[in-house]
Number of protein chains: 2
Amino acid sequence: MFDDTQQYIYSVHMSSSSPASPKSGARKPRALTRDKVITQAMALADQDGFDALSMRKLAASLDVTAMSLYNHVTGKDDLLDLMLNRVVAEFELPQIDGPWDEMMRRRAGSMRQALLRHRWAPALLISKIALGTEILRDINATLGCLITAGFSYAQADWARNAIDSHVYGYTMQELNFPVAPEQYQAAAAQFLPMISRQDYPFMHQAAMQIIEGKYDGMTRFSFGLELILDGLARWRQSPSGGGGA
Amino acid sequence: MFDDTQQYIYSVHMSSSSPASPKSGARKPRALTRDKVITQAMALADQDGFDALSMRKLAASLDVTAMSLYNHVTGKDDLLDLMLNRVVAEFELPQIDGPWDEMMRRRAGSMRQALLRHRWAPALLISKIALGTEILRDINATLGCLITAGFSYAQADWARNAIDSHVYGYTMQELNFPVAPEQYQAAAAQFLPMISRQDYPFMHQAAMQIIEGKYDGMTRFSFGLELILDGLARWRQSPSGGGGA
DNA sequence: ACCTGAACACCGTTCAAGT
DNA sequence: ACCTGAACACCGTTCAAGT
């Protein structure tokens, strides 16, 4: 549910205090820890996809039965929360007294990278209420940086919300997009006949633009982000509709 | 996979051509159609949550065995695509020659409402590639409105992407948020002792602001949206970094 | 303290059989 | 053409039992 760092320290202490397993040889180290369970679960989800992550398969990949996982994790839901906390730990923490726009840009960029590394994470992060310590740290530092830069508490909350909305929304669309950028032109040529010119004239024409090399077909993460950051910068100077404090 | 309107017309034709069931009384109308399957699936997901939607339960709620659903739908994945197409049909279609900013505002607002009605939809919409006719219609009209307003094809694509990112990202955070707006103040008071003032000073202070009534704690959908629309309006006048056409 | 086997109550989907 | 029963290969989780 919460921090897994403490649990990690705890388990290291535990295994070092038990000298060696008395009967079994060197085959099974029997040092399954919560930390290892989470790490292996993330590796499995990263490699084989989220749907392939079952308690049974995870256990098998750790040379253990499914039920033994429940000694380290309350259940699958708890495991997912712990995994999400790890993902958020990969977000770049804003420096409280750093330049707010650059701090937000860097955090957003690192968020996108982390979410691209863990394709399964965004859908979960946004549809669950996981409040691990890393998640609290991230929110606190992000709010703190904006507030220190002169935004009100309300403005900081709205700003964070707008930035996160963009990062999650953009990255999920990006993850979902079926063709690689290098293949846009070829894909457009292939799909053109399937997009009826009468029913969808603008989509048809858009595909033509890509085929003719007039548009590379790539949306840009920074396009929407800079729109938001620009708007925030102007808002900061003239807080027209602010909500106090 | 594609349109379900045609299938609907087809099934109506079918059932009217078969006069009456010969043996069974009036108990089972036996008029299961693809349309009914989709409608019932959406009702079930809306009411009981996405996780409660299984082929077996859906079938039972239609007084039929699970396997009979496969006569109307390729599988669960196909069913989900058809459901998503219905959700997108609830988005307000931009008028091609209408005022672009107002059209985008209205579409975005109606998207949010539709996603709030169908809580299960956003996570799927953004993590699947469903291309039903309603989805193509929406994309075409949105691009068309922006292009007719003077944006280039590239700009229109980026603009749509930025708006959709915000709508999906914002709405999913909104759906996920655990407490109702009326209870923010009470919730902040309740959770304050759990937010360490030393570890998370800004979160602590933010909670204080809400408790003291200095900030109502509500993020606003239109805050981020207007940031984006404002930025687009400026971009339209001076397309500094445009991608051609 | 940790791990296991067996069991429970579920899944989506296939396939041969009915009408 | 549509529906069904039985079966297959899975799930997450509980519980009593082992060491």
Side-chain angles (χ1 to χ4, degrees), chain A residues 7 10-25 27-37 40-41 44-45 48-83 124 128, chain B residues 7 10-25 27-37 40-41 44-45 48-83 124 128:
Chain A
Q7 180 62 25
Y10 175 72
S11 345
V12 165
H13 177 263
M14 281 277 83
S15 61
S16 68
S17 74
S18 70
S21 44
K23 286 191 178 179
S24 64
R27 273 308 312 283
K28 284 193 176 180
R30 184 139 312 191
L32 190 58
T33 61
R34 173 140 91 158
D35 194 63
K36 281 184 186 166
V37 170
Q40 179 65 13
L44 249 167
D48 304 342
F50 182 70
D51 291 341
L53 179 68
S54 74
M55 295 299 270
R56 291 162 125 106
K57 283 184 192 160
L58 172 58
S61 78
L62 287 163
D63 261 316
V64 108
T65 59
M67 313 79 213
S68 106
L69 296 176
Y70 288 79
N71 288 310
H72 303 93
V73 140
T74 306
K76 192 174 187 182
D77 231 57
D78 183 37
L79 174 61
L80 295 180
D81 283 354
L82 292 164
M83 291 165 70
L124 281 182
K128 281 174 69 76
Chain B
Q7 179 62 26
Y10 175 74
S11 348
V12 165
H13 176 266
M14 281 279 82
S15 62
S16 67
S17 73
S18 69
S21 44
K23 285 191 177 177
S24 66
R27 276 307 311 285
K28 284 193 177 177
R30 186 140 309 191
L32 191 58
T33 60
R34 172 139 90 158
D35 194 63
K36 280 184 186 164
V37 171
Q40 180 65 12
L44 248 167
D48 304 341
F50 182 70
D51 290 341
L53 179 67
S54 74
M55 295 299 269
R56 290 162 125 106
K57 282 184 192 158
L58 172 57
S61 78
L62 287 163
D63 259 316
V64 109
T65 59
M67 315 78 211
S68 105
L69 296 176
Y70 287 80
N71 289 311
H72 303 93
V73 140
T74 306
K76 192 175 187 181
D77 231 56
D78 183 37
L79 174 61
L80 295 179
D81 283 354
L82 292 164
M83 290 164 71
L124 281 182
K128 280 173 70 76

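Lettering follows sequence order; numbering is per chain, from 1. Scope of the values below: all heavy atoms of this structure, side chains included, with no hydrogens, waters or symmetry mates.
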Whole Å only: how far is the [atom1] atom of [X] from the [atom2] atom of [N]?
X     : N      : atom1 : atom2 : value
B/L69 : D/dG5  : CG    : P     : 14 Å
A/D48 : D/dC10 : CG    : P     : 14 Å
B/F50 : C/dC11 : CZ    : C1'   : 13 Å
A/R34 : C/dA1  : CZ    : C1'   : 16 Å

Which protein N or O atoms sit under 3.5 Å from an N or O of nucleotides 12-16 of chain C?
{"unit_1": "C/dG12", "atom_1": "OP1", "unit_2": "B/M55", "atom_2": "N", "d": "3.2"}
{"unit_1": "C/dG12", "atom_1": "OP1", "unit_2": "B/K76", "atom_2": "NZ", "d": "2.9"}
{"unit_1": "C/dG12", "atom_1": "OP2", "unit_2": "B/M55", "atom_2": "N", "d": "2.9"}
{"unit_1": "C/dG12", "atom_1": "N7", "unit_2": "B/R56", "atom_2": "NH1", "d": "2.3"}
{"unit_1": "C/dG12", "atom_1": "O6", "unit_2": "B/R56", "atom_2": "NH1", "d": "3.0"}
{"unit_1": "C/dG12", "atom_1": "O6", "unit_2": "B/R56", "atom_2": "NH2", "d": "3.4"}
{"unit_1": "C/dT13", "atom_1": "OP2", "unit_2": "B/Y70", "atom_2": "OH", "d": "2.7"}
{"unit_1": "C/dT13", "atom_1": "OP2", "unit_2": "B/K76", "atom_2": "N", "d": "2.9"}
{"unit_1": "C/dT13", "atom_1": "O5'", "unit_2": "B/Y70", "atom_2": "OH", "d": "3.3"}

Quick check: closest heavy atoms across [X] and [Y], and the distance to 0.1 Å?
X     : Y     : result
A/L53 : A/A41 : CD1-O, 3.8 Å
A/H72 : A/R34 : O-CD, 2.9 Å
B/M83 : B/A45 : CE-CB, 4.2 Å
A/L58 : A/L44 : CA-CD1, 3.7 Å

Given the P atoms of D/dA9 and C/dA9, what is the spacing between them in whole Å?
-> 22 Å

Mind checking who D/dA7 pairs with, Watson-Crick or G-U wobble, both distances under 3.5 Å?
->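 Across all strands, the one nucleotide that pairs with D/dA7 is C/dT13.
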
Who does D/dC2 pair with, Watson-Crick or G-U, both distances under 3.5 Å?
-> C/dG18

Ionic contact status for A/K57 with A/D48, cut-off 4.0 Å =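 No, A/D48 and A/K57 are not salt-bridged.
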
Can a side chain N or O of B/H72 be found less than 4.0 Å away from OP1 or OP2 on D/dC3?
-> yes

